Amino acid sequence: MSESTTEDTSDLFAVRKTKLDALREQGQNPFADNCDQSHTSVQAKALLPEEEEEGPEVCVAGRIVTFRLMGKATFLKLLDRDGQIQAYVRRDAIGEDEYAAFKKLDLGDFIGVRGKLFRTRTGEITVRAEEYTLVSKSLRPLPEKWHGLTDNEQIYRQRYLDLVVNEESRDRFKARSAIIREIREFLWEREFLEVETPMLQSVSGGAAARPFETHFNALSCDFNLRIALELHLKRMLVGGFDRVFEIGRVFRNEGLSRRHNPEFTMLEAYQAYSDYRGMMELTRSLIQRVAEKAIGTLTIERPEGDVIELGGDWREAKYKDLIVEATGRDDWFDLPVAAKLECSKELKIEVDPDLEDYEITNDVFEKIIEHTLVQPTFVTHIPRELCPLAKITQDDPTTIDVFELCINGQEIAPAYSEQNDPFIQREAFERQVGEETQALDEDFLLALEHGMPPAGGMGLGIDRLVIFLTKAANIRDTILFPTLRPA
RNA sequence: GGGUCGGUAGCUCAAUCGGUAGAGCAGUGGCCUUUUAAGCCAUUGGUUCCGGGUUCGAGUCCCGGCCGGCCUACCA
């Protein structure tokens with residue numbers, strides 16, 4: 001070990017590496033096999049009742065996140081999966097040589113501490129160390145302890161550091177896991193079968209989005225990553241699995257934004273002998289259940305200061321009524337394209353003169369209505385051009401039997417009475433293929449020709465659900481490793 | 001893709017009109033046996049994102065580039 005005082009102590013890696021080498025020279029293993037953790041921080045703290053002064057012996061383990069050395073005694077805090085617990089290490093309790101080595105520990109090191117629980121002068125439950133074990137030396141410094149990590153890029157690229165120092169972020173990802181777990185529980189209880197369908201597809205359908213393209217060497221052909229789950233799950237309905245769902249990643253080769261990540265997590269659920277009205281009940285019950293069980297409340301405060309009230313029944317509004325209200329024009333749907341464009345301009349919507357009639361109307365919806373729908377709202381009776389996969393409304397053939405659920409000013413979940421007439425379906429596809437650059441999924445149509453029971457289908461953007469349930473500012477804060485330009 | 005704001009020590013941030021690049025935390029050495037952002041003394045640490053230019057002198061001004069945030073565009 002070098003005792004040189006001319007060493008550059010600003011190279012934090014070198015300083016820690018020197019400490020590590022010194023331990024090895026003394027015959028110690030800085031990555032010891034184990035330390036026999038007996039309790040997590042929370043479990044250990046539960047073992048010392050209010051009235052007791054001293055508790056049982058425990059062994060806690062975790063990363064050192066604070067280290068207050070006061071001569072011959074030290075307070076430190078360990079971070080484990082449940083939170084933090086303090087340990088109190090005295091020289092005369094662990095021995096002089098041990099304490100000399102202990103003082104060389106760094107913030108970030110993983111150690112195990114064995115000892116009895118007690119309460120400090122200020123009342124904090126603490127482990128009085130009788131022994132400690134270094135189980136992993138950390139060679140890199142942790143981010144600064146007051147401010148944590150604030151650089152967004154580093155938060156995303158080195159998420160592990162964000163998780164070590166930002167409790168809010170830890171809690172959000174725990175909540176995300178709890179939300180997905182609760183979604184599964186809910187659907188299992190309703191006798192839905194969870195299935196997995198291909199991510200690699202030769203034709204990506206079920207949505208109008210540009211796919212990511214890739215190449216499969218063995219078959220020497222091109223594949224796309226899926227953009228939706230829909231068409232394969234409906235094949236399950238044809239096959240007789242009449243309640244199915246899948247939670248999985250879909251990929252859309254489109255821009256990044258506060259609400260868009262190119263890979264994101266979708267839930268899609270299909271229930272035979274139901275329809276979009278049935279999916280309304282399902283979706284509302286699902287979100288209410290998830291909010292209650294995973295978040296603990298039906299009232300979600302927003303950073304904007306208001307609250308989202310998820311309890312009770314939710315508002316239903318017809319697409320046309322919302323458009324008429326927003327434009328102030330009773331005759332909106334009878335206006336020619338030119339007049340609609342003119343009105344759009346007056347509403348300060350950027351207009352593209354090449355848009356189809358229904359696209360102009362949808363711009364009005366997306367640009368001036370959607371963000372106002374903060375309270376849960378089922379938007380129904382949507383123009384048929386917008387959804388080629390749904391059934392046409394009996395008493396209004398210009399609309400289809402769907403809803404688009406908006407919460408927090410965002411589309412969260414669409415649901416359809418699924419189209420099961422193979423002739424109408426083919427026609428709708430062909431119309432769409434004409435407009436968009438999308439191939440026709442002949443195999444799906446073949447499946448439909450074998451007969452698909454009437455069904456309700458629903459898709460839920462898990463990331464967007466997590467955004468508002470965990471008060472995240474950004475979709476990237478809800479995804480552990482959001483898509484970034486390669487470093 | 002467009003607009004806009006930013007990039008200074010390991011981390012969080014200062015630096016006045018263009019005039020010797022600083023602080024806190026972390027690190028290093030010392031004191032300290034119930035601390036809570038522990039405290040006290042001393043101290044190390046800089047390609048100011050990169051490349052040009054203007055100037056006696058550039059972190060600061062100008063041009064170009066790279067990277068990022070936000071807004072926007074694309075988006076069943």
Side-chain angles (χ1 to χ4, degrees), chain A residues 3-16 18-19 65-77 84 86-94 99 103-104 106-108 118-124 126 128-129 138-158 161 164-165 205-210 227-228 230 252-262 264 350 352 358-359 362-363 365-367 370 382-390 400 402 404 410-411 414 416 428 432 435-436 438 459 461 473-474 476 484-487:
Chain A
E3 289 294 313
S4 165
T5 52
T6 59
E7 235 174 311
D8 180 3
T9 59
S10 70
D11 184 341
L12 304 183
F13 182 87
V15 168
R16 287 169 180 232
T18 302
K19 289 179 179 179
V65 288
T66 65
F67 196 83
R68 287 189 278 277
L69 192 151
M70 298 175 302
K72 300 179 188 65
T74 298
F75 283 96
L76 60 83
K77 281 185 182 171
Q84 297 187 7
Q86 181 165 262
Y88 178 54
V89 183
R90 289 166 53 129
R91 189 176 71 171
D92 52 16
I94 68 165
Y99 193 74
K103 286 204 288 188
K104 298 276 187 190
D106 288 299
L107 287 177
F118 77 108
R119 214 179 296 275
T120 64
R121 187 176 288 168
T122 52
E124 179 158 355
T126 302
R128 192 192 306 274
S138 168
L139 292 163
R140 300 283 182 185
L142 291 176
E144 202 251 12
K145 67 180 175 186
W146 299 357
H147 307 88
L149 194 57
T150 56
D151 173 43
N152 278 305
E153 187 179 4
Q154 210 182 352
I155 284 175
Y156 302 138
R157 287 194 196 278
Q158 293 183 276
L161 291 180
V164 171
V165 298
R210 251 185 305 166
I227 55 174
E230 179 147 359
R252 296 187 181 177
N253 204 340
E254 286 156 5
L256 300 152
S257 83
R258 207 152 48 93
R259 297 175 206 81
H260 298 83
N261 195 64
F264 61 100
E350 269 184 59
D352 175 350
Y358 72 91
E359 290 175 313
N362 205 43
D363 260 6
F365 182 80
E366 287 182 358
K367 289 176 181 163
E370 187 179 330
I382 292 173
R384 57 184 294 185
E385 294 88 345
L386 291 172
C387 302
L389 291 154
I400 40 172
V402 305
E404 182 71 63
Q410 292 184 19
E411 292 175 29
Y416 308 161
Q432 185 189 21
E435 294 163 13
E436 319 271 338
Q438 203 182 158
N474 196 307
R476 287 179 164 192
L484 301 173
R485 183 186 300 277

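All values derive from a computational prediction rather than experimental measurement. So you know, we letter chains A, B, ... as the sequences are listed, proteins then strands, and number each from 1.
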Strictly by Watson-Crick or wobble contacts shorter than 3.5 Å, is anything paired with [N], and which nucleotide is it?
N      : value
B/rG46 : none
B/rG1  : B/rU72
B/rG39 : B/rC31
B/rG19 : B/rC56

When you measure from the side-chain N and O atoms of [X] to the phosphate of [N], is any distance below 4.0 Å, counting only OP1 and OP2?
X        : N      : answer
A/Lys104 : B/rU28 : no
A/Asn474 : B/rG69 : no
A/Thr120 : B/rU35 : no
A/Lys145 : B/rA26 : yes
A/Arg121 : B/rU35 : yes
A/Arg140 : B/rA26 : no
A/Arg210 : B/rC74 : no
A/Arg485 : B/rG68 : yes

Given atom [atom1] of [X] and atom [atom2] of [N], what is their separation to the nearest angstrom?
X        : N      : atom1 : atom2 : value
A/Leu76  : B/rU33 : CG    : P     : 17 Å
A/Glu153 : B/rG6  : CD    : P     : 18 Å
A/Phe67  : B/rG39 : CZ    : P     : 15 Å
A/Arg259 : B/rC71 : CZ    : P     : 8 Å
A/Arg252 : B/rC75 : CZ    : P     : 12 Å
A/Lys103 : B/rC32 : NZ    : P     : 9 Å
A/Leu142 : B/rC25 : CG    : P     : 17 Å
A/Glu366 : B/rU72 : CD    : C1'   : 14 Å

Partners meeting salt bridge (Lys or Arg N to Asp or Glu O under 4.0 Å) with A/Arg90 (sequence neighbours left out):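 Expected list: A/Asp92.
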
When you get a sec, tell me which of [options] is the closest nucleotide to the side chain of [X]?
X        : options                : value
A/Glu254 : B/rC74, B/rU34, B/rA26 : B/rC74
A/Leu12  : B/rG69, B/rA26, B/rU33 : B/rA26
A/Glu124 : B/rC32, B/rU33, B/rU35 : B/rU35
A/Met70  : B/rC32, B/rC74, B/rC11 : B/rC32
A/Asn152 : B/rU33, B/rU35, B/rG69 : B/rG69
A/Phe118 : B/rC11, B/rU34, B/rU33 : B/rU34

Gap in Å between the two C1' atoms, one belonging to B/rC32 and one to B/rG39, rounded: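 Rounded to whole Å, the distance is 9 Å.
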
B/rU28 to B/rU44 separation - P atoms, rounded to the nearest Å: 15 Å

Any donor-acceptor N/O pair, A/Arg128 side chain to A/Val89 backbone, under 3.5 Å: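 The answer is no, because no donor-acceptor pair under 3.5 Å joins these two groups.
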
Basic-acidic side-chain contact under 4.0 Å: A/Glu124, A/Lys77: yes

Residue closer to the 5' end of RNA chain B, A/Asp151 versus A/Pro414 (nearest nucleotide): A/Asp151

First of A/Arg258 and A/Lys19 reached from the 5' end of RNA chain B, by closest nucleotide: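 Nearest-nucleotide comparison on RNA chain B picks A/Lys19.
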
